[in-house]
Amino acid sequence: MTRAPPAWLRSARVISGLTIVLLIVLCAALAPLIAPHDPNEQNLVATFLPPAWAKGGDPAFPFGTDSLGRDVLSRLIFGARVAMLVAVLASLGAMLIGAVLAYVAGYFGGRIDALIGRAVDVWMSFPPVILSLILMVGLGVGLRNVILAIILVDWTRFCRVLRGEVLVVARKDYVAAARLLGFSHWRAITREIVPASLPLLITLVSLEMGIDVIVEAILSFVGLSVSAETPAWGQMIADARQYIYDSPWNLIFPILAIFFAVFGFNMLGDGLRRTLDVRLTATQRV
Amino acid sequence: MIATVFPLVGRRLLASVLILLIVSALLFFVLHVLPVDPAAMSLPPSATIAEIEAMRREMGLDLPLPRQYLIWLSQVLQGDFGSSIHFRRDVLGLVGSALPATIELALLSMIVATVLGIFGGLMLFHVRGSRMEPIVDFGSILLLSIPEFLWSLFFILIFGVALQWLPFTGRLDPDLRLPQGTGFLLVDALVAGRFDIFWSAMRHMVLPCFALGIAFSPTIMRVLRSSLLDVYQEDYIHLARLRGLSEWRILRRHALKNAILPTLSLMGVQFGFLFGGTLLVEVIFSYPGLGNLMVDAVRNADLPIIQAVGLAYCAVVLVINTVVDSLYLVLNPKLRIR
């Protein structure tokens with residue numbers, strides 16, 4: 001007997017989003033195995049090669065080469081490592097801080113809620129890009145600090161949305177009943193409230209991963225992320241922008257890579273929101 | 001109405017000033033944990049350790065941080081933001097000349113985003129339940145996945161490099177001179193009666209404004225659609241139908257009035273993001289605004305500029321939020337009772 005797959009796995013959005021995301025994760029994980037070349041290997045006699053299908057392309061370099069003759073495809077595959085690492089770690093970190101504060105604020109209410117609310121207000125008065133740039137100045141460059149900066153900027157996204165949800169759930173009768181049964185605050189939050197807000201949390205994480213890919217690309221575009229030896233999509237864009245007339249292809253491929261990654265996470269997030277949210281009606285879920 | 005709106009707006013403004021103070025303290029402390037020594041940077045590399053020590057004392061860097069912050073704050077309140085370490089110019093002048101350019105860019109982009117967002121939202125709502133819905137909906141996720149800097153690069157590739165229709169660097173053609181004035185180029189050009197400058201500035205604005213506008217419109221579309229869907233569940237819409245009003249009139253006179261409110265408050269938040277989004281667009285289009293100033297300052301670890309520009313971004317966002325909140329009060333009579 002096989003059980004029918006759960007509703008969220010039958011949604012076309014979730015499936016297509018998940019496929020794209022898994023594909024990129026696979027690329028990142030298996031980069032040394034599947035990349036045709038060393039991403040930093042320079043080939044100065046073959047710079048600015050167009051993609052293999054264009055006129056003058058070399059089948060050895062399927063997506064062509066950049067200004068130093070490095071293989072674009074290999075650099076894209078290795079660039080996925082940075083993107084996925086940041087997406088996973090930064091979104092989980094931001095979720096952890098944001099969610100804990102949201103549960104505390106929404107559950108206890110009162111003064112602590114007001115305090116956390118003010119903190120969110122202060123954070124929201126900064127455009128996210130500006131705040132992450134300033135934090136990068138304070139923390140110094142490097143991948144670890146990019147992740148830290150994103151966490152310190154984006155926890156508010158979770159806190160804002162989740163707090164409202166927790167506020168509603170925490171006033172429900174079944175939570176009061178659990179408290180009357182002698183559940184501690186900790187147990188009431190972890191056993192009664194967290195499961196109720198889990199669908200929202202998962203959706204937010206998925207969308208946040210897309211945002212993180214963009215922020216990492218922005219920071220590496222400005223030159224504040226990884227060092228020059230590590231290929232990253234934003235860095236590839238910054239390099240290619242200087243040679244826009246020589247080889248537009250060099251610019252197009254990393255743009256498409258970022259776009260596909262973000263699109264995958266957005267599809268996944270949107271699909272999950274529709275299928276996991278129990279309050280949506282059947283028609284809205286389609 | 002003004003009597004009720006005014007105190008509320010006043011309270012918002014007071015809160016904004018408080019937030020700005022907290023922000024300035026945070027900025028100061030974040031930037032001063034940094035390993036860079038401003039005293040050493042402002043002296044030639046041949047300076048001796050004793051000279052650097054003297055400079056540190058002169059700049060007040062040997063004092064405890066809270067003292068330093070208070071000194072800095074009192075100078076800022078007198079309009080003295082210090083001078084740039086790298087450019088060796090007054091920071092206030094640098095920020096003052098860059099800020100209008102960025103505000104101009106952000107406002108025009110917001111107009112583009114609003115127009116596209118409202119049209120798109122109405123279209124998304126119009127196709128509800130039809131076979132077109134999944135396609136249009138898919139399209140809106142697609143749009144949502146392209147951030148402003150990818151649009152900028154696309155536009156440069158297509159309209160700048162391939163078709164060569166529009167310029168994509170700076171604010172003006174190199175042979176034109178900036179007219180003196182407010183710094184809002186479009187306004188200055190019109191005041192001076194220089195339509196050639198106005199035209200050139202407009203052409204330079206098209207690509208960055210559309211890149212920002214398109215990137216920020218899908219969120220507006222989706223919120224407008226879902227608030228329209230909510231409003232159409234209400235009894236007064238059914239009643240309007242029963243009275244035999246046309247669909248267009250129901251939308252315009254009844255539904256849109258209420259559905260626009262959540263959209264408006266979202267647009268306030270969106271404008272904050274858009275204002276931050278100008279940073280990268282400015283860098284890509286070599287547009288001489290706050291974003292380019294900031295990125296240069298970050299590369300040179302030019303603290304006085306980073307502090308001032310950070311504050312400028314926050315101040316603009318807070319002003320916008322206050323304006324949007326006041327507008328919300330004016331448009332939503334329910335909030336005025338008190």
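Reminder, nothing fancy here: chain letters follow the sequence lines and each chain counts from 1.
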Is [X] in contact with chain A via its backbone, its side chain, both, or neither, using a 4.5 Å heavy-atom distance?
| X | answer |
| --- | --- |
| B/Val295 | side chain |
| B/Arg299 | side chain |
| B/Leu20 | neither |
| B/Leu18 | neither |
| B/Leu318 | side chain |

query: Ring centres of A/Trp249 and A/Phe63 under 6.0 Å apart?
result: no
task: Check whether the ring centres of B/Tyr232 and B/Phe125 lie less than 6.0 Å apart, and answer yes or no.
output: yes
message: salt bridge (Lys or Arg N to Asp or Glu O under 4.0 Å) for A/Arg13 and B/Asp137? Distances and angles first, verdict last.
response: CA-CA 11 Å; A/Arg13 284 165 209 267; B/Asp137 207 43; 3.1 Å; yes
task: Sort by residue number and list every member of residues 203-220 of chain A having a non-hydrogen atom under 4.5 Å from chain B.
output: A/Ile214, A/Ala217, A/Ile218
Proximal to chain B - members of residues 14-23 of chain A, heavy-atom separation under 4.5 Å: none
Just how far is it from atom [atom1] of [X] to atom [atom2] of [Y], taken to the nearest 0.5 Å?
| X | Y | atom1 | atom2 | value |
| --- | --- | --- | --- | --- |
| B/Ile103 | B/Leu290 | CD1 | CG | 7.5 Å |
| B/Ser109 | B/Glu104 | OG | CD | 10.5 Å |
| A/Leu152 | A/Leu139 | CG | CG | 7.0 Å |

Could you tell me which of [options] has the largest number of non-hydrogen atom pairs under 4.5 Å with chain A?
| options | value |
| --- | --- |
| B/Ile146, B/Leu144, B/Leu280, B/Ile306 | B/Leu280 |
| B/Val309, B/Val23, B/Leu26 | B/Val23 |
| B/Leu279, B/Leu274, B/Val269 | B/Leu279 |

task: Dump the intermediate steps for salt bridge (Lys or Arg N to Asp or Glu O under 4.0 Å) on B/Arg225 and B/Glu133, then the final yes or no.
output: CA-CA 12 Å; B/Arg225 185 192 85 120; B/Glu133 188 176 15; 3.0 Å; yes
statement: If you tally heavy-atom pairs under 4.5 Å between each of A/Tyr245, A/Phe221, A/Phe263 and chain B, the highest tally belongs to A/Phe263
statement: If you tally heavy-atom pairs under 4.5 Å between each of A/Leu133, A/Ile130, A/Val122, A/Val129 and chain B, the highest tally belongs to A/Ile130
task: Verify whether one side chain among B/Arg222 and B/Ser140 offers a donor that lies under 3.5 Å from an acceptor in the other.
output: yes
- prompt: Any side-chain donor paired with an acceptor under 3.5 Å for B/Tyr69 and B/Ser24?
  reply: yes
query: Considering only heavy atoms from C-beta outward, does the side chain of B/Leu142 approach that of A/Phe259 to under 4.5 Å?
result: yes
- request: Indicate yes or no: at least one non-hydrogen side-chain atom of B/Ile305 is less than 4.5 angstrom from one of B/Asp302.
  value: yes
field: Interchain contact, A/Leu131 with chain B, by part (heavy-atom threshold 4.5 Å)
entry: neither
task: Looking only at non-hydrogen atoms, find the nearest pair between A/Met136 and A/Ala149 and report the distance.
output: SD-CB, 3.8 Å
message: Let's go through B/Phe28 and B/Trp72 carefully: what are the C-alpha distance in whole Å and the side-chain angles of both, what is the deciding distance for ring pair (Phe, Tyr, Trp, His ring centres under 6.0 Å) to 0.1 Å, and is it a yes or a no?
response: CA-CA 9 Å; B/Phe28 193 86; B/Trp72 176 73; 5.3 Å; yes
Plane angle bin for B/Phe275 and B/Tyr313 - parallel if under 30°, tilted between 30 and 60°, otherwise perpendicular: perpendicular
